[in-house]
Amino acid sequence: MKKSMTAAILVAGLAFAACSDDDGGSGGNSDAAKEVAKQTVEAAKADGLDLDEGCVADIADSLSDEDAAAIIAAGPDGDPEISPEGEELSLGILACVDNDQLVEQFIQGMGDAGEEFDEACVREKLEDFDLTEIAQAGPDAEPPTEMITAMIECFV
């Protein structure tokens, strides 16, 4: 039971971390959207993620002017107050991240959390799951039971 709860917490942590990175911005065609895109891509790079810049720009272009201004004003480390629509768009940024990068972030997070696990096993088990979809569900979403069950044997 402890192992399945640990896996669930770590998956939720991945979703939260990914969402937190997105709060730094998005990107698009207006000056504000372009600045948000730049801010988001730079913040992600600082966290070890390479975002597809065109994908980020497309998402940021959908932000309202108010949301874009709030994101810029908060800066990459801030916590902007944005509309529910802006929050939903920020989750879309995860589609701009390669699944392999999310796997790396997940494994790094497990290690940083002090978990003892078989890295090769975790990599193998995560091949069948799209971490982008899981992270896009948001920090309060439950990770798929199938994923937790598959990873249980990876914890030592």
Side-chain angles (χ1 to χ4, degrees), residues 2-29 33-63 71 74-80 82 85-156:
K2 177 182 180 267
K3 290 182 179 181
S4 65
M5 283 303 293
T6 300
I9 290 167
L10 291 170
V11 172
L14 169 69
F16 179 74
C19 293
S20 295
D21 289 344
D22 296 338
D23 286 345
S26 312
N29 292 324
K34 286 178 184 177
E35 178 60 29
V36 170
K38 178 182 171 192
Q39 186 173 301
T40 299
V41 169
E42 289 174 358
K45 275 188 183 169
D47 288 337
L49 291 175
D50 291 319
L51 297 176
D52 178 320
E53 293 181 28
C55 175
V56 174
D58 288 344
I59 292 170
D61 201 33
S62 299
L63 287 171
I71 291 168
D77 297 324
D79 187 15
I82 58 176
E85 294 81 13
E87 289 178 17
E88 188 172 320
L89 284 170
S90 73
L91 289 175
I93 296 294
L94 295 171
C96 303
V97 180
D98 181 69
N99 196 60
D100 290 340
Q101 290 184 65
L102 289 176
V103 169
E104 291 302 321
Q105 290 287 315
F106 180 81
I107 289 172
Q108 180 180 344
M110 287 174 55
D112 291 349
E115 287 298 321
E116 294 184 34
F117 61 96
D118 178 340
E119 184 176 328
C121 176
V122 170
R123 288 182 188 284
E124 179 184 333
K125 300 301 180 183
L126 290 178
E127 286 178 1
D128 295 332
F129 299 94
D130 183 351
L131 294 183
T132 300
E133 286 181 14
I134 294 166
Q136 283 179 318
D140 297 327
E142 291 291 324
T145 303
E146 301 84 25
M147 183 175 168
I148 293 169
T149 303
M151 290 183 47
I152 287 174
E153 66 188 66
C154 299
F155 292 92
V156 293

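Atom set for the values below is all heavy atoms of this structure, side chains included, hydrogens, waters and symmetry mates excluded.
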Is there a donor-acceptor contact under 3.5 Å from the side chain of [X] to the main chain of [Y]?
X: Ser90; Y: Glu87; answer: yes
X: Asp47; Y: Leu49; answer: no
X: Gln101; Y: Asp50; answer: yes

Shortest non-hydrogen contact from [X] to [Y]?
X: Val97; Y: Thr132; result: O-OG1, 3.7 Å
X: Cys154; Y: Ala150; result: SG-O, 4.5 Å
X: Ile59; Y: Gly92; result: CD1-O, 3.2 Å

[Y] and [X], any side-chain heavy atoms less than 4.5 Å apart:
X: Met110; Y: Glu119; answer: no
X: Phe129; Y: Glu146; answer: yes
X: Glu42; Y: Gln39; answer: no
X: Met147; Y: Leu131; answer: yes

[atom2] on [Y] to [atom1] on [X], rounded to 0.5 Å:
X: Asp112; Y: Ile107; atom1: CG; atom2: CD1; answer: 12.0 Å
X: Asp58; Y: Ile93; atom1: CG; atom2: CD1; answer: 10.0 Å
X: Leu126; Y: Asn99; atom1: CG; atom2: CG; answer: 8.0 Å
X: Leu94; Y: Ile134; atom1: CG; atom2: CD1; answer: 11.5 Å
X: Leu63; Y: Ile82; atom1: CG; atom2: CD1; answer: 7.0 Å

(message) According to side chain to side chain donor-acceptor pair (under 3.5 Å), who are the partners of Glu85, at least two apart in sequence or on a separate chain?
(response)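 Per chain and number, Glu85 pairs via side chain to side chain donor-acceptor pair (under 3.5 Å) with Ser83.
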(request) Look at Arg123 together with Glu104 and state whether they make a salt bridge at an N to O cut-off of under 4.0 Å. (result)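 Counted as a salt bridge, because a side-chain N and a carboxylate O are separated by less than 4.0 Å.
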(message) Taking side chain to side chain contact (heavy atoms under 4.5 Å, CB included) as the definition, give me every residue that meets it alongside Asp100, ordered by chain and number, with sequence neighbours left out.
(response)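 Only Asp98 meet the side chain to side chain contact (heavy atoms under 4.5 Å, CB included) criterion with Asp100.
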